[in-house]
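Notes follow once the structure below has been shown.
By convention in this document, chain letters (A, B, ...) are assigned in the order of the sequence lines, proteins followed by strands, and residues within each chain are numbered from 1. Quantities reported herein were computed from a predicted structural model and do not represent experimental measurements.
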2 protein chains.
Amino acid sequence: MPASPSSTAHSPAQRPARDRILDAFAELLGEQSERAATLDAVAARAGVSKGGLLYHFASKDALVDGLLERLRASVADDVERMRTAPDGPVDYFIRTSIATATPESQEFERSIVAVARLAQGADERARDALAAMQHDWLGVLEEAVGDPVVARTIMLLGDGIYYNTALLPSGSGVLSEPADLERLLELVHRLAARD
Amino acid sequence: MPASPSSTAHSPAQRPARDRILDAFAELLGEQSERAATLDAVAARAGVSKGGLLYHFASKDALVDGLLERLRASVADDVERMRTAPDGPVDYFIRTSIATATPESQEFERSIVAVARLAQGADERARDALAAMQHDWLGVLEEAVGDPVVARTIMLLGDGIYYNTALLPSGSGVLSEPADLERLLELVHRLAARD
DNA sequence: GTCTATATCGCGATAGAC
DNA sequence: GTCTATCGCGATATAGAC
């Protein structure tokens, strides 16, 4: 029930300023660093002035809140996709830890990396948001594999992959070969198999 | 061949200012954040004035270099301990990823966390130092388990543990129960076993 | 809604006394 | 070798025009 069908999708230029600002903030956090994500830099990348930015987000704290809310919404969607994934939650979790394709999951990834950067900067709210995300993921994994320690092991593996691919862009190509990813998945499923 | 034997060990008050400054820098980075580790804060914690700090380290860059050099030395020691560990490199690696006891390894941990924070802040040298450390670890693991993908899997697991315990002090107790750690080690060794 | 000032503050770094 | 004092810059945030 879209109020105005023609406005449910936006070309880049039409995308609301509020969204463009959050995009710019997340991108600067992810591609550069927390220090680089100044109000000036965010405003410039979003194509507004600093004053324009501060009309939509009255302070930098409000900007952070906007990003956290966006993350929470993406987490809810992702958990749902994880639950209903054709090859099961474990396969979905490991695969999406290493790389993604769809536009929604790319925005999700950007949000995670951005919030992780804020968490490193000692932002308590950001840490809580990440902890809540991990809690939700772990719940689905436990449901899928039964054994809590195995579920935790798989999640630690996913965290390690994420830490290397997304948070340390040194990118020595952690699992660059597709065949390596398949072998890793095989190892993980062997872990999950009851004996 | 110590020049003055009585000065090879220092009580906290006697510990050279240079070392105290590096300690303070690493602690502030680890316990708080990159932003909190200002020259003023480092000087205050080390018990010197800002001018005193800048006598030993002429710039903040020099301070970072000092920390990186300290990390490199610790890595060399750790790799040696890993190679000669009684229960093998894999056991050593996983156990020391989760928690440590000896004073040297505590300084090592603090250095890793501190440098990881700098790497998140887009410091190229810090990223290179972490990449070199991982490269060394991976070499020992590959030597121990034979299979490169298994070795990489174990390292990703260790990275995940580290990321949760050290970098996200949300500390929901990733593997709080000692019995859980033993089960995790059992799972890892099952991974490493050839079949 | 978005802009251009501008106020205020904290940081890194320098100068020079002791 | 360590201190105090100060400069210059960049960041957040405010005020007010359009």
Dump every N/O contact between nucleotides 15-18 of chain C and the protein below 3.5 Å, one line per pair.
none

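To the nearest angstrom, C1' of dT2(C) lies 10 Å from CD1 of Ile21(A). Rounded to a whole Å, the CG atom of Leu54(B) is 9 Å from the P atom of dG12(C). Look at CG on Leu63(A): it is 14 Å from C1' on dA11(D), rounded to the nearest Å. In this structure, Asp61(B) places its CG atom 11 Å from P of dG12(C), rounding to the nearest Å. If you measure from atom NZ of Lys50(A) to atom P of dC3(C), you get 13 Å, rounded to the nearest angstrom.
Between Arg125(B) and Asp65(B) there is a salt bridge, since at least one side-chain N of the basic residue sits less than 4.0 Å from a carboxylate O of the acidic one. Ion pairing between Glu142(A) and Arg152(A) fails under the 4.0 Å rule for side-chain N and carboxylate O. With respect to Arg95(A) and Asp91(A), a salt bridge is recorded, a charged nitrogen being found less than 4.0 Å from a carboxylate O.
Closest to the side chain of Lys60(A), from the set dA13(D), dT2(D), dG12(C), is dA13(D). Nearest to the side-chain atoms of Tyr55(B) among the listed nucleotides dT12(D), dT2(C), dT2(D) stands dT2(D).
Closest heavy-atom contact between Val149(B) and Leu184(A): CG1-N, 4.2 Å. Across all non-hydrogen atoms, the minimal contact from Asp159(A) to Gly160(B) is CB-CA, 4.0 Å.
Tyr163(A) meets the ring-ring contact (aromatic ring centres under 6.0 Å, His included) test with Tyr163(B); sequence neighbours excluded.
Between the side chain of Ser33(A) and the backbone N or O of Leu29(A), no donor-acceptor pair lies under 3.5 Å. Between the side chain of Arg117(B) and the backbone N or O of Leu167(B) there is at least one donor-acceptor pair closer than 3.5 Å.
Of the two residues contacting DNA chain D, namely Ser59(A) and Leu53(B), the nearest-nucleotide position lying further toward the 5' end is that of Leu53(B).
Residues of residues 28-49 of chain B that place a heavy atom closer than 4.0 Å to DNA chain D, in numerical order, are Val48(B), Ser49(B).
Between Tyr162(A) and the choices Thr96(A), Leu157(A), Ile112(A), Ile98(A), the side-chain contact (heavy atoms from CB on, under 4.5 Å) rule is met once, by Ile112(A).
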